[in-house]
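Protein chains get the first letters and strands the later ones, always in sequence-line order, with residue 1 at the start of each.
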Number of protein chains: 2
Amino acid sequence: MKPADATPHPCSQCPMYRTSVWEPAGAGSVAILNRGFTRRDLQPGDVLFAEGSENRGVYCLSGGLIALRTHRDDGTSSLLRLAYRGDVIGFRSFLGDGVHRTEARALLPSRVCTVARHDAERVVHASPPVLARLAGRAVDELDAARERIVATMGRSNKARLATLLTELMERHGTQEDGYLRMHLPLSRADLADLVGVQRETVSRLIRRLEDDGSFHFACREVWMRHPGMRNRAIG
Amino acid sequence: MKPADATPHPCSQCPMYRTSVWEPAGAGSVAILNRGFTRRDLQPGDVLFAEGSENRGVYCLSGGLIALRTHRDDGTSSLLRLAYRGDVIGFRSFLGDGVHRTEARALLPSRVCTVARHDAERVVHASPPVLARLAGRAVDELDAARERIVATMGRSNKARLATLLTELMERHGTQEDGYLRMHLPLSRADLADLVGVQRETVSRLIRRLEDDGSFHFACREVWMRHPGMRNRAIG
DNA sequence: GTGGCATTGTGACGCTCGTCAAAGACAAGG
DNA sequence: CCTTGTCTTTGACGAGCGTCACAATGCCAC
């Protein structure tokens, strides 16, 4: 039989390996991981899992952008979270009741690493530190949700939209002679969900941000004044 | 030496024992639990832990009512959660970075069972199912926070206040010739925090609920029409 | 009782946002 | 080309809410 280090950890080549939830898996768990590990590429619009469906595994996003939404009975939906590289999704239903309460849909071409549910359960059972990391992810999500609640009560819609755009710019923006520029990965309706207002209001908030000179919009193209360059307007 | 069952589980007499996070503790962990287990009674206004303080343990509420708040830099605060009997608090910082992000303050006379942090860590290490239950609690909190976000976007302030009052009535109300009556454990400011509006708006929402005939208020005394008795007004 | 102090209710005002409606922009498909 | 559907913007209107101000109430210590 080969020594244990002959079966490398499936995430060992991943840039997010150090903070991966699977990183603490013991030697025995690595074999399970390798068996239950699959990769999948998603195109924009592809659904990784549907709301109400049964959990089939724990997903780790190795690249791209995935939106987690809930749908209300009146047909409207709420965008609850954006997942980027290194984020783990599906752990809520994995740790909880086994049923997804959100829909995961790709907004950009994305790649997810999946550990099938049964194998994930075995790994968690054999390597409790993996469970501890999953719990840590749950706490992070809880913090984010509470931060959103607090921000809703304490800051104006315009300020929250500006913050959201700044965060998006950090992830999707590119430098362009003094400005930051990005192609918005979100529709106006999605922006509205994240800020907590109606679509039309987002249009008006965008207009007011442009009036302030901090942003310039052309459909989904956005220019933003570099942080620190507060004296020049855009456009 | 006595057999293992000579040291009973410290929660074994608790009405919430079956769902307690400590219930799955193994025989060895029970000894640790008994050593690190303390009870504490809180009076209204007493602070169990302060925002920004270091986690000193995991707290299980065996009775009463505790409010978890965050404070913003402008001096205002947000009431994030109400904890009742059986709820576990302090696990966020225990599972996370070790620093409380909320303040826990008793609203009613309360009793908390505490497992000191060091001992809790040893128990979790020795009995992974305990960690799984803590993770489950984190997921529950996450669900509650997301539910609140979704409700904020999808329902009117008046409807959310009515829902909140109904939930409070279920816990604090007593039957009174066809009505439910309770003494509100929350100030108007706290109600405002939970609904997500200003204090004055709560006063006006209350007036509108009274105009509808569904509630009657006298300071902190509240009467509510019994669910199903929709034909009679109150007052 | 009296004097603070916190809590609560009320009024006025202005702004923001939700809602409804309509029109333009754009891509996909026939 | 036109049609269709989706996304986005704009306008008009009204209701609701935040803000400020002030009065009323209740509570507690003295």
Side-chain angles (χ1 to χ4, degrees), chain A residues 43-45 67 69 72 74-79 105 107-108 150-162 164-165 182-212 215-222 235, chain B residues 43-45 67 69 72 74-79 105 107-108 150-162 164-165 182-212 215-222 235:
Chain A
Q43 294 307 310
R69 286 192 182 83
R72 279 191 292 272
D74 64 357
T76 63
S77 66
S78 298
L79 182 43
R105 185 185 294 263
L107 292 175
L108 296 174
V150 171
T152 302
M153 310 209 316
R155 306 181 58 210
S156 71
N157 292 334
K158 189 173 105 174
R160 292 210 313 284
L161 176 60
L164 171 61
L165 290 168
M182 70 171 163
H183 182 82
L184 255 186
L186 302 173
S187 69
R188 297 294 194 264
D190 288 338
L191 288 178
D193 274 349
L194 286 176
V195 176
V197 296
Q198 297 299 113
R199 306 170 196 79
E200 297 92 329
T201 300
V202 167
S203 284
R204 296 185 180 109
L205 291 176
I206 284 175
R207 167 186 279 275
R208 285 165 58 194
L209 286 175
E210 285 190 308
D211 291 345
D212 293 349
F215 292 91
H216 181 65
F217 287 77
C219 197
R220 289 203 178 189
E221 295 299 316
V222 188
Chain B
Q43 294 307 310
R69 287 192 180 83
R72 281 192 290 273
D74 63 358
T76 63
S77 66
S78 298
L79 182 43
R105 186 184 293 261
L107 292 176
L108 297 175
V150 172
T152 303
M153 308 207 320
R155 307 181 57 211
S156 72
N157 291 334
K158 189 173 104 172
R160 292 210 312 285
L161 176 59
L164 171 61
L165 289 169
M182 70 171 162
H183 183 82
L184 255 186
L186 301 174
S187 69
R188 298 292 194 265
D190 288 338
L191 288 177
D193 274 348
L194 286 176
V195 176
V197 297
Q198 296 301 113
R199 307 168 197 80
E200 298 93 329
T201 300
V202 168
S203 285
R204 295 180 182 114
L205 291 176
I206 284 176
R207 165 186 280 275
R208 285 165 59 194
L209 287 175
E210 286 191 309
D211 291 346
D212 293 349
F215 292 91
H216 180 66
F217 288 77
C219 198
R220 287 203 180 188
E221 294 299 315
V222 188

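- Of the inter-residue distances, the one linking Asn157(A) atom CG with Gln198(A) atom CD reads 11.0 Å to the nearest 0.5 angstrom.
- A sub-4.0 Å separation between OP1 or OP2 of dT7(C) and a side-chain N or O of Arg220(B) is absent.
- Between the CG atom of Asp211(B) and the P atom of dT10(C) there is a distance of 10 Å, rounded to whole Å.
- If you take CD of Glu210(B) and C1' of dG9(C), they are 11 Å apart, rounded to a whole angstrom.
- At least one side-chain nitrogen or oxygen of Arg207(B) sits closer than 4.0 Å to the OP1 or OP2 atom of dT10(C).
- Less than 4.0 Å separates DNA chain C from at least one heavy atom of each of the following residues of residues 186-201 of chain A: Val197(A), Gln198(A), Glu200(A), Thr201(A).
- Taking only side-chain nitrogens and oxygens, Asn157(A) never comes nearer than 4.0 Å to OP1 or OP2 of dT16(C).
- Rounded to whole Å, atom C1' of dT8(D) lies 15 Å from atom CD of Glu221(A).
- Donor-acceptor pairing under 3.5 Å, judged by distance alone, is present between the side chain of Arg204(A) and the base of dG11(D).
- Atom CZ of residue Arg207(A) and atom CG of residue Asp211(A) lie 6.5 Å apart, to the nearest 0.5 angstrom.
- We find that CD1 of Ile206(A) is positioned 17 Å from P of dT16(C), with the value rounded to whole Å.
- A salt bridge links Lys158(B) with Asp212(B): the distance from a Lys NZ or Arg NE/NH1/NH2 to an Asp or Glu carboxylate oxygen falls below 4.0 Å.
- Protein atom CZ of Arg208(A) is 16 Å distant from nucleotide atom C1' of dT9(D), rounded to whole Å.
- Note that CG of Leu107(A) and CG of Leu79(A) are 7.0 Å apart. Values are rounded to the nearest 0.5 Å.
- Distance alone, capped at 3.5 Å, places no donor-acceptor pair between the Arg199(A) side chain and the Ala189(A) backbone.
- The side chain of Leu205(A) lies closest to dC17(C), out of dC17(D), dC17(C), dT10(C).
- Dense packing is recorded around CZ of Arg155(A), with more than 12 heavy atoms of other residues, nucleotides or ligands lying under 6.0 Å away.
- For Arg188(B) (side chain) and Cys219(B) (main-chain N/O), a donor-acceptor pair under 3.5 Å exists by modelled atom type.
- Across the protein-nucleic acid pair, Met153(B) atom CE and dC17(C) atom C1' stand 15 Å apart, rounded to whole Å.
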